[in-house]
Asks: 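To start, I am sharing the structure in question, which I have written as structure tokens.
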Amino acid sequence: MTPGSEFKPSANVAQLRESATIAVSQKAKALKAAGREIIDLGAGEPDFDTPAFIKVAAQRAIDAGATKYTAVDGILPLREAIAAEANRAWKGSEKVTAAGVVVSTGSKQSLFNACFTLFGPGDEVLVPTPAWTSYYEMVSLARATAVPVTGNPDRGFKVSVAMLEAAATPRTKGLMLNSPSNPTGSVYSPDELRAILTLAHERGWWVLSDEIYLRIAYGKAATSSLDEAPSRDRLVVINGVAKAYAMTGWRIGWSITTPKLAAAMTAFQSHTTSNAATVSQHAALAALTMREDADAAVSSMVAQFEKRRDAALAILRTEPRINVLAPDGAFYLYLCAPGAGTTVDAGAAFAAHLLEKSGVAIVPGSAFYTPDWVRVSYAADQAQVEEAMRRLVAAFRDLV
Ligand code: GLU
């Protein structure tokens with residue numbers, strides 16, 4: 001290749017913003033490699049190892065020859081296990097079947113498949129905000145328009161029916177839901193969820209419900225849209241093994257929807273990646289079917305996340321000027337940066353200061369369309385989380 005040869009991105013990606021969550025962790029890794037001592041609370045990645053029973057199942061699958069292509073939408077036992085899980089608490093007649101399940105390379109691909117298959121030019125998609133950075137970009141890559149609907153921080157940024165109604169237009173085609181939420185950790189109650197899903201049903205919107213943090217909830221269990229929707233007709237529920245089972249690198253996610261939409265997403269995936277990695281599908285199958293081992297592993301990890309959350313909150317609350325949301329799920333703390341309301345992109349300034357001066361990596365809230373805020377992941381070693389929170393409080397005090 002000629003050095004300096006010109007490259008002009010196509011119109012498809014000309015406006016694309018790089019993933020800020022990924023960028024922060026890459027930067028933290030680069031600084032560590034350069035010899036700096038960094039506490040990385042950037043990317044939301046559990047520090048736990050994948051539970052041993054899952055690794056053993058994957059090793060056995062390799063030995064048994066699980067090294068070839070599978071069906072594009074995934075191996076049948078895994079799709080059946082996902083469908084069975086989806087029907088567990090459901091009393092209605094519209095049962096999920098394996099034909100409505102598509103297994104993909106991480107829930108990120110499932111979300112992208114759904115956005116690209118459902119939305120297009122002229123469509124608007126409501127995104128309760130703050131929300132995970134990739135929702136906005138995925139909707140844009142489908143050449144639809146993401147419409148941020150910013151919730152009220154006093155309600156953990158959760159949006160109401162009235163807020164969604166106010167943001168809707170005749171072009172509204174879809175709604176992204178995410179409970180427990182990344183980045184706020186807020187969890188919608190069954191009533192709140194039902195009210196929103198009923199509105200979407202009445203308006204004929206597609207709901208993409210990202211439930212990747214569903215099993216990571218504190219106090220009481222989080223509710224799935226599958227169980228609160230008045231109809232499962234225009235619903236796509238996305239989940240995966242990455243967060244609850246500490247399996248980020250295995251890259252297995254899935255979508256649950258109608259067989260018709262599932263077939264269209266499968267056709268799309270057949271031209272992009274084909275099936276998700278075969279051995280990873282077998283690992284996910286173990287995570288979903290070896291229930292006793294899986295439940296014990298998840299409970300143990302969730303209990304440790306909860307301890308870290310409480311320890312981190314206790315330290316942050318020693319500084320009363322820090323406005324931090326108390327999360328009921330996921331593994332993030334969302335807090336208002338010093339200079340919020342007066343400084344442009346206060347969150348980015350605070351995150352940069354913290355990385356530079358205190359060696360702590362966190363994600364600026366601009367990634368989630370709320371630039372006054374910052375996100376801290378506490379899916380890291382507890383002593384490190386506590387040390388990072390002490391440094392954060394000190395930095396906050398320096399800047400206010
Ligand atoms: N979803 C995680 C996060 O928000 C992992 C990184 C990513 O894919 O964005 O940090």
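Read the numbers this way: they start at 1 and go in the same order the structure lists the ligands and their atoms. Predicted, not measured: the structure shown is a model, and the values here were computed from it.
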Asks: Would you please indicate if the ring centroids of Y378 and Y332 are separated by under 6.0 Å?
Replies: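 No, they do not, as the ring centres are separated by 6.0 Å or more.
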
Asks: So which heavy atom in the protein is nearest atom 7 (C) of ligand 1, and how far is it from that ligand atom?
Replies: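 Here the nearest protein heavy atom works out to T21 OG1, 3.4 Å.
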
Asks: Would you kindly specify which portion of N182 sits under 4.0 Å from ligand 1, judged on non-hydrogen atoms: side chain, backbone, both or neither?
Replies: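 Within the 4.0 Å criterion, N182 contacts ligand 1 through side-chain atoms alone.
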
Asks: Would you check whether K108 reaches within less than 4.0 Å of ligand 1, judged by its heavy atoms?
Replies: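 A heavy atom of K108 does come that close to ligand 1.
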
Asks: Would T133 count as being in polar contact with ligand 1, using the rule that some N or O on each side must be under 3.5 angstrom apart?
Replies: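 For ligand 1, there is no N or O atom that lies under 3.5 Å from one belonging to T133.
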
Asks: Need the ligand 1 atom indices (1-based, order shown) with element for anything under 4.0 Å from a heavy-atom of Y332.
Replies: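 What qualifies from ligand 1 is 2 (C), 3 (C), 4 (O), 10 (O).
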
Asks: Do S140 side-chain atoms and R143 backbone N/O form a donor-acceptor pair below 3.5 Å?
Replies: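 No; judged by distance alone, with no hydrogens or angles, the pair does not exist.
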
Asks: Check each atom of ligand 1 against the heavy atoms of I22 and keep those under 4.0 Å away; list them by number with element.
Replies: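 Contacts of ligand 1 toward I22, numbered from 1: 6 (C), 7 (C), 8 (O).
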
Asks: Testing T21, L41, T370, I362 for side chain to side chain contact (heavy atoms under 4.5 Å, CB included) with R375, which one passes?
Replies: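 Of the listed residues T21, L41, T370, I362, the side chain to side chain contact (heavy atoms under 4.5 Å, CB included) partner of R375 is T21.
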
Asks: Does R375 reach ligand 1 with a nitrogen or oxygen that is under 3.5 Å from one of the ligand's nitrogen or oxygen atoms?
Replies: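 Yes - when backbone and side-chain N and O of R375 are compared with those of ligand 1, one distance drops under 3.5 Å.
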
Asks: Examine A43 against ligand 1 and note whether any of their N/O atoms are separated by less than 3.5 Å.
Replies: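 Between A43 and ligand 1, no N or O pair is found under 3.5 Å apart.
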
Asks: Can you confirm if the NZ or CZ of K243 lies within 45° of the ring axis of F331 and under 6.0 Å from the centre of its six-membered ring?
Replies: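 So K243 doesn't make the cation-pi contact.
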
Asks: Tell me: protein heavy atom nearest atom 5 (C) of ligand 1, and distance?
Replies: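 Among all protein heavy atoms, the one nearest atom 5 (C) of ligand 1 is K243 NZ, 3.6 Å.
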
Asks: Quick one: which ligand 1 atoms are inside 4.0 Å of a heavy atom on G44?
Replies: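 This gives 2 (C), 3 (C), 5 (C), 10 (O) as the contact atoms.
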
Asks: Contact between D123 and T145 at the side-chain level, heavy atoms closer than 4.5 Å - yes or no?
Replies: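 Of all side-chain heavy-atom pairs linking T145 with D123, none is under 4.5 Å.
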
Asks: Would you say that T50 contacts T248 through its side chain, given a criterion of any heavy-atom pair below 4.5 Å between the two side chains?
Replies: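 No, every pair of side-chain atoms sits at 4.5 Å or beyond.
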
Asks: Would you call D210 and K108 a salt bridge, using N to O less than 4.0 angstrom?
Replies: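 Salt bridge flag = no for K108 with D210.
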
